[in-house]
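Below: the structure, in structure tokens.
So you know, we letter chains A, B, ... as the sequences are listed, proteins then strands, and number each from 1.
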There are 4 protein chains.
Amino acid sequence: MKRTRLPEDPVKKARMQAAALALFASGGYQATKVDAIAAKAQVSKGLIFKYFGNKEQLYLATLRQAYDRLMAIMDEAVWQESGDLVAMVTNATRYKISLQLQYPQEFQLLLNGFIHLKQLPASGRQYVEQMMVANQDLTQRLVLPVFAKMTFKPGITATDALTVLNYVTSGYLQKFQQYLLSHPEVTTVAEMEPLLADLTRYLRIVEYGFVAPA
Amino acid sequence: MKRTRLPEDPVKKARMQAAALALFASGGYQATKVDAIAAKAQVSKGLIFKYFGNKEQLYLATLRQAYDRLMAIMDEAVWQESGDLVAMVTNATRYKISLQLQYPQEFQLLLNGFIHLKQLPASGRQYVEQMMVANQDLTQRLVLPVFAKMTFKPGITATDALTVLNYVTSGYLQKFQQYLLSHPEVTTVAEMEPLLADLTRYLRIVEYGFVAPA
Amino acid sequence: MKRTRLPEDPVKKARMQAAALALFASGGYQATKVDAIAAKAQVSKGLIFKYFGNKEQLYLATLRQAYDRLMAIMDEAVWQESGDLVAMVTNATRYKISLQLQYPQEFQLLLNGFIHLKQLPASGRQYVEQMMVANQDLTQRLVLPVFAKMTFKPGITATDALTVLNYVTSGYLQKFQQYLLSHPEVTTVAEMEPLLADLTRYLRIVEYGFVAPA
Amino acid sequence: MKRTRLPEDPVKKARMQAAALALFASGGYQATKVDAIAAKAQVSKGLIFKYFGNKEQLYLATLRQAYDRLMAIMDEAVWQESGDLVAMVTNATRYKISLQLQYPQEFQLLLNGFIHLKQLPASGRQYVEQMMVANQDLTQRLVLPVFAKMTFKPGITATDALTVLNYVTSGYLQKFQQYLLSHPEVTTVAEMEPLLADLTRYLRIVEYGFVAPA
DNA sequence: AATGAATGAGATTTCATTCAT
DNA sequence: CATGAATGAAATCTCATTCAT
């Protein structure tokens, strides 16, 4: 018995999403033409409007999908707790890097989304904002138990330490992403290990300072 | 005594530039309509094209002006050298903050420009890129002399320390800018002093680590 | 059986070309508005740009089409060689006249094109120039064999004779075209025969002079 | 006693006319911008409108002036009657050529005007049409007396002979004008004498035919 | 009277969205 | 259902004409 065709062809829908992701990520909302998405998805323009209503909703759907995809993967308990803060944060960062390598477009899209926040329809902001928050939550959830075992200098709180750690790792990740853009041949985390050694030193500085004890 | 009308009326040109700055900064290139700029500048559409040729050149002129304005001011030797690294970087940051408060649109425009780098016409990239470079150069020029008087832990270079300092201050500035967006009532550096105290602690961490000596 | 819609609807494209031909021919490039072409072709403005890119390319396409159409028809071996020069040139002219009656707009367009040569984009000139050359080549190809059988007066070359023939026939054609403009009711060559008798006399003059032998 | 300034400065008006003539002649009506005319005339745009009302009237004034100038000069009895038709027509043509050399822009303007006749406002047509008529009248006035002394072949009228003469001389003049466009270094009639020898042969053909008597 | 900056109607061009096939 | 040709509102850009100085 022939199954009646689904009202929405999931294969085509996936192609549209993928095309939209790629183009929105690299070109932004306004500069990306629906024509181009349809062409890249090998689908008619009309179908895009049938499936997504209009360009803005397509953008939101793309944003949501990127967010969901990253969150789904991040939620996996990939990172192991450990007594060594530096090792742990480096590991976590190594993992984030692998995500960036796997999902560069999703990262780019959400990053742009963050910048364009104002221009986004209200319903779109939540994804971008949640993404930011979730990222910090994650680190916090991991790092706080380790902090519990450490003694802080007087006048310095765990929040301070966490903030600085976040600044350093996200600054590092940003530089890292730029590096990727100019070295598209890099596709595995292994190739990034030399750069990760930098991060370890940076984190060590945060932990113990760069000033030699008198 | 009234001045005779100039071939390019500097008052109107300034109004156009200001309108373009405000709208491009908040809306980006594509979303900003020339009509809107003309309306905001209280000038006819035609005049914009007479003064700037076309929309893209108007954008570049706006970018250049924002860049020039910030650079001109930054170049002033506002910050004093000092033996105390933390005090000095905090001062420098306080100064950058005051610039952001004074020129929020210029900052926003160049920040967006950085994101949109790909989409910018080649001639526009230089301003954005130089802006990034200049910012780091500035820090370096200030900080290196201070570093010269300090002794680094073994295995840690001045470059490492500078990088971490940059990550922390720029992370801090970013959070700061977000804060400004959600607190538009804040207009003076004085009101920001409590937040600057945070930065001091963060920098102290970079200098000496957050871990209490055993 | 109805044909499936083609990527470029030949019916609409033909309507656009026809409208463009009519309007460009009578009004020239600048004075003809794309809006008017769209209206005359009963097509939306947008479609014209989808099919032809921009106004200039539409003009060139129209020029090319006019040229091709005329050349295609001229190339047919309509005119028969004959021993009688006057009869032959008159026949050829009768044929050209029938073309003008059939394709008055194409003639007008290329004629205007010739005048506007300077203002034409370089790529457009070739059609107009080739048209001019082809026209003369054609006459030459026909007339030279007949000349071969004739004896010229001393001091007069075949080139001289050909040149004068060309001047007379093209002068005649020009007057003819003016006549058509002021007598739009004339649509068949038959109606033009009285005028063609004039041409025969003119050609006879070229052959034997108008001066009675002493 | 200082004379009060005329309401219209004749020097400036002349510059405007000259600029308009040059630009309309080479670029046609539509392609010529009022801005360009003002710049070439070293006069403000506003003055052009004050003196001529609008662009169209400026064009008509330019057309009229070109016509008047040529007519005024042509009316001079430069050409002498003579018994030899060929010599006389050649002389007349030589004179026309000298006019073309002296007033190339006026010729070009009226030539273009002839082509654009349809697009011209009705009031402009008369100049162009009169120009055409006057040109033929002139030839007629000169040639008919000579014809009176000649005997025509049976079946051939003076009108026929005149028409053919006109075709040949105007065809010749046209080719001549093209020659001038591609040889702008030529500025005197003397340099054109070789080409005038061609015309003599052409006219001889019209007179006696090119066919050698049996 | 002369200027040329300023205007805005109108032209060209783009592209999200619709809809006949 | 799917298509992509067709649409037209809205954007960019041009330039004859006006008018404050």
Can you check whether [Y]'s main-chain N or O pairs, donor with acceptor, with [X]'s side chain at less than 3.5 Å?
X	Y	value
B/Tyr59	B/Gly28	no
D/Tyr103	D/Gln108	no
D/Arg15	D/Gln42	yes
C/Tyr51	C/Asp9	yes
D/Lys55	D/Thr32	yes

Base, sugar-phosphate or nothing for A/Lys45? Non-hydrogen atoms, less than 4.0 Å.
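Contact class for A/Lys45: base.
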
So what does C/Lys12 hit on the nucleic acid, given a heavy-atom distance under 4.0 Å: a base, only sugar-phosphate, or nothing?
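Since only primed, P, OP1 and OP2 atoms lie under 4.0 Å of C/Lys12, the category is sugar-phosphate.
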
Any D/Tyr51 side-chain nitrogen or oxygen under 4.0 Å from OP1 or OP2 of E/dA1
no

Nucleotide [N], atom [atom2] - distance to [atom1] of [X] in whole Å:
X	N	atom1	atom2	answer
B/Asn54	E/dA11	CG	P	22 Å
A/Leu58	E/dT17	CG	P	10 Å
A/Gln30	F/dA10	CD	P	15 Å
B/Glu56	F/dC13	CD	C1'	14 Å
C/Phe49	F/dT12	CZ	C1'	12 Å
D/Ile37	F/dC15	CD1	C1'	12 Å
B/Lys33	E/dT14	NZ	C1'	11 Å
B/Gln42	E/dA6	CD	C1'	14 Å

If you pin C/Lys55 and A/Thr32 to their nearest nucleotides in DNA chain E, which one's is more 5'?
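This one resolves to C/Lys55.
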
If you find the nucleotide of DNA chain E closest to B/Val43 and the one closest to C/Asp35, which residue's nucleotide is nearer the 5' end?
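Going by which nucleotide is closer to the 5' end, it is B/Val43.
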
Could you give the distance from CD1 (D/Ile48) to NZ (D/Lys13), rounded to the nearest 0.5 Å?
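Spacing of CD1 (D/Ile48) from NZ (D/Lys13) equals 12.0 Å.
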
The side chain of [X] lies closest to which of these nucleotides: [options]?
X	options	result
D/Ser44	F/dA6, E/dT18, E/dA2	E/dA2
B/Leu47	F/dA6, E/dT7, E/dA2	E/dT7
A/Lys50	F/dA2, E/dT7, F/dT7	F/dA2

So what is the 5' to 3' dot-bracket string for DNA chain E, if pairs are Watson-Crick or G-U wobble with both distances under 3.5 Å, crossing pairs use [ ] and | means the partner sits on another strand?
.||||||||||||||||||||

Mapping B/Val34 and D/Gly53 onto DNA chain F by nearest heavy atom, which one lands closer to the 5' end?
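The residue whose closest nucleotide sits nearer the 5' end is B/Val34.
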
Check C/Ala22 against C/Lys40 and note the closest heavy-atom contact, atom names and distance.
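Looking at all heavy atoms of both residues, the closest pair is CB-CE, 3.7 Å.
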
